[in-house]
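Only one structure is covered here, and it is reproduced in the block below.
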Amino acid sequence: MSGIKVLIVDDSALVRKVLREILQEDAQLEVVGTASDAWSAMQKIKALQPDVLTLDIVMPGMDGLDFLERLMKSNPMPVVMVSTLTGQDTEQTFRALALGAVDVIAKPALDVREKLDEMAGQIIERVKAAGQARLQRPSQRFLDGPRPVMPVLSRRVVGPGVAEPIIAMGASTGGTDALQEVLAPLPEETPAILVVQHMLAQFTAPFAQRLDRICRMQVREAVEGERVQTGTVLVAPGGRHMVVARAGDHHVVRLQDGPMVHRVRPSVDVLFHSMAEAVGRQGIGVILTGMGADGAEGLLAMKRAGARTLAQDEASCVVFGMPKMAIKAGGVDHVLPVVEMPGRLLALVDAVQGS
């Protein structure tokens with residue numbers, strides 16, 4: 001990866017200056033220009049041909065969301081939203097993702113220079129991930145209007161006393177759409193699913209609520225000590241690691257404030273390692289689209305403990321980083337498109353219960 005050209009669009013001169021300084025610290029990023037409004041951005045996109053756009057939501061004239069919607073129709077490109085509003089108004093954030101933004105970064109409202117400098121590593125990593133992103137069609141599921149009706153799959157009914165497996169999933173860039181594709185078709189009696197999606201703390205609960213509206217399973221943000229139960233999807237809260245632990249004849253989730261792993265918290269690796277230890281052969285691990293290597297070591301640990309493992313294929317990933325590293329590490333049994341995962345998951349559930 002080299003020479004990712006970035007155009008910064010923000011109405012604040014200070015933010016434009018600080019973002020330029022941060023991004024130019026990385027040799028693989030080249031800031032080719034800045035713009036203070038949508039009109040100027042349109043002209044500079046034509047002239048400079050950037051690979052990635054960082055875009056504010058609140059701007060004079062045309063706001064960032066209207067601009068994003070027009071851009072994705074006329075000249076689609078990877079966009080990272082960088083806005084104070086994304087940290088305060090989750091509806092705007094999810095609309096930006098649904099319209100085609102690759103990622104969002106919450107810009108601080110106060111002490112902008114100091115706080116942005118503290119976020120430098122995160123900003124650089126997300127912009128670089130956007131530079132590798134494969135653009136997907138805008139998602140209709142989180143936009144206004146009727147939700148599409150997803151066909152529901154069915155699973156084989158087993159007799160009493162047969163232990164239910166536990167499914168663990170990890171995702172990062174592009175994961176909001178991928179998780180929808182996997183979870184929406186699953187029947188309500190699907191075994192428990194634990195999810196780590198790299199996402200800011202203020203977004204994980206609303207994200208779980210939105211998934212709950214389109215899924216047959218119950219989806220919610222995980223709570224410390226909550227029992228892991230069939231028919232439930234538990235999403236790790238942003239800023240806290242989630243692990244699964246045995247408690248007598250059942251399993252519970254534990255939330256931890258430990259150090260970041262792979263520069264993130266929650267970490268997919270932390271969840272997967274706990275699955276290997278506490279669930280073993282009754283586990284199923286799934287690694288989805290995302291930048292970096294989080295989850296690769298943990299998925300290998302799950303496989304060595306006897307779990308079944310899946311990875312999303314390159315063609316359906318927004319960023320084929322996490323699945324690629326998991327495959328390279330040797331921890332993946334099956335590689336397949338995201339649309340095929342619900343059916344394969346249910347087949348693996350049957351296999352676990354029949355073994």
Side-chain angles (χ1 to χ4, degrees), residues 94 97 139 141-142 164-186 188 190-224 226-245 251-256 261-262 264-276 278-279 283-290 292 294-295 298-299 302 307-312 317-318 322-323 326 338 341-342 344-346 348-349:
F94 289 118
L97 291 170
S139 168
R141 273 188 226 141
F142 281 176
E164 288 273 69
I166 297 175
I167 302 166
M169 298 183 182
S172 187
T173 310
T176 52
D177 271 356
L179 286 166
Q180 294 170 57
E181 293 289 341
V182 176
L183 297 176
L186 295 174
E188 59 183 338
T190 300
I193 299 176
L194 306 179
V195 172
V196 167
Q197 163 70 47
H198 296 163
M199 184 176 280
L200 296 173
Q202 59 264 48
F203 299 148
T204 45
F207 177 58
Q209 292 165 8
R210 283 168 168 267
L211 285 175
D212 187 61
R213 295 205 293 267
I214 63 171
C215 293
R216 278 79 177 180
M217 301 179 73
Q218 295 182 13
V219 187
R220 58 179 176 267
E221 189 179 56
V223 175
E224 165 63 26
E226 184 169 4
R227 184 167 181 166
V228 178
Q229 301 184 83
T230 293
T232 302
V233 179
L234 300 179
V235 178
R240 306 198 73 188
H241 293 305
M242 180 171 70
V243 302
V244 59
H251 290 87
V252 298
V253 293
R254 299 292 184 195
L255 303 179
Q256 302 175 345
V261 177
H262 299 289
V264 293
R265 188 176 54 236
S267 162
V268 181
D269 262 333
V270 171
L271 173 61
F272 284 178
H273 278 296
S274 74
M275 286 283 296
V279 183
I284 299 172
V286 181
I287 193 80
L288 300 172
T289 174
D294 190 24
L299 199 66
M302 286 186 66
R308 275 75 167 179
T309 59
L310 298 174
Q312 185 175 352
C317 279
V318 172
M322 288 163 51
V338 70
M341 282 197 171
R344 184 64 63 89
L345 274 175
L346 295 182
L348 291 179
V349 167

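Values reported hereafter were calculated over all heavy atoms of this structure, with side chains retained and with hydrogens, waters and symmetry mates removed. Everything quoted here is computed from the prediction, not taken from an experiment.
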**Message:** Please enumerate all residues that pass side-chain hydrogen bond (donor to acceptor under 3.5 Å, both in side chains) together with Ser274, with sequence neighbours excluded.
**Reply:** none
**Set of side-chain hydrogen bond (donor to acceptor under 3.5 Å, both in side chains) partners for Thr289, sequence neighbours left out** = none
**Qualifying residues under side-chain contact (heavy atoms from CB on, under 4.5 Å), relative to Gln229, sequence neighbours excluded** = Arg227, Thr232
**Asked** Which heavy atom in Ala178 sits nearest to a heavy atom in Val338, and how many Å separate them?
**Response** O-CG2, 3.7 Å
**Partner residues of Arg254 under the side-chain contact (heavy atoms from CB on, under 4.5 Å) criterion, sequence neighbours left out** = Glu224, Val243, Ala245, Val252
**Prompt:** For the atom pair OG1 (Thr173) and CG (Leu288), what is the distance rounded to the nearest 0.5 Å?
**Reply:** 12.0 Å
**Complete:** Closest non-hydrogen contact found for Leu194 with Met275 is CD1-SD, 4.5 Å
**For His273, side-chain contact (heavy atoms from CB on, under 4.5 Å) partners two or more places apart** = Asp269, Glu297, Ala301
**Request:** Identify the two heavy atoms, one from Ala222 and one from Pro237, that lie closest to each other, and give their separation to 0.1 Å.
**Result:** O-CG, 3.6 Å
**Request:** Would you check if the side chain of His251 reaches a backbone N or O of Ala278 as a donor-acceptor pair within less than 3.5 Å?
**Result:** yes
**Message:** For a 4.5 angstrom cut-off between non-hydrogen side-chain atoms, does Leu179 reach Val233?
**Reply:** no
**Prompt:** SG/Cys215 to CD/Gln180 distance, rounded to the nearest 0.5 angstrom?
**Reply:** 8.0 Å
**Complete:** With Val182 as partner, the option from Asp177, Val286, Leu345 fulfilling side-chain contact (heavy atoms from CB on, under 4.5 Å) is Leu345
**Pairing residues for Glu226 by the side-chain hydrogen bond (donor to acceptor under 3.5 Å, both in side chains) criterion, not counting sequence neighbours** = Arg220
**Message:** How long is the straight-line distance from CZ of Arg240 back to CG of Leu255, given to the nearest 0.5 Å?
**Reply:** 5.0 Å
**Request:** Show your working on side chain to side chain contact (heavy atoms under 4.5 Å, CB included) between Leu271 and Met169 and close with a plain yes or no.
**Result:** CA-CA 9 Å; Leu271 173 61; Met169 298 183 182; over 6 Å; no
**Prompt:** When rounded to the nearest 0.5 angstrom, what is the spacing between OG1 in Thr190 and CZ in Arg216?
**Reply:** 10.5 Å
**Request:** Please report the closest heavy-atom contact between Met242 and Leu234, naming both atoms and the distance.
**Result:** CE-O, 3.7 Å
**Request:** Please name the pair of heavy atoms, one in Ala326 and one in Ile287, separated by the smallest distance, quoted to 0.1 Å.
**Result:** CB-CG2, 4.0 Å
**Item:** Closest non-hydrogen atom pair, Gln218 against Asp212
**Value:** CA-OD1, 3.5 Å
**Asked** Side chains of Val268 and His198: closer than 4.5 Å at any heavy-atom pair?
**Response** yes
**Message:** Arg265: which residues meet the side-chain hydrogen bond (donor to acceptor under 3.5 Å, both in side chains) condition with it, sequence neighbours left out?
**Reply:** none
**Message:** Do Gln312 and Met341 have side chains that approach each other closer than 4.5 Å (heavy atoms only, starting at C-beta)?
**Reply:** yes
**Request:** Any chance you could measure Met217, atom CE, to Leu211, atom CG, to the nearest 0.5 Å?
**Result:** 11.5 Å
**Item:** Distance, nearest 0.5 Å, that separates CG of Leu310 from CG of Leu299
**Value:** 8.5 Å
**Message:** Run the side-chain contact (heavy atoms from CB on, under 4.5 Å) test against Ala307 and tell me which residues pass, sequence neighbours left out.
**Reply:** Met302
**Item:** Flag side-chain contact, heavy atom, 4.5 Å: Ile167 against Val349
**Value:** yes
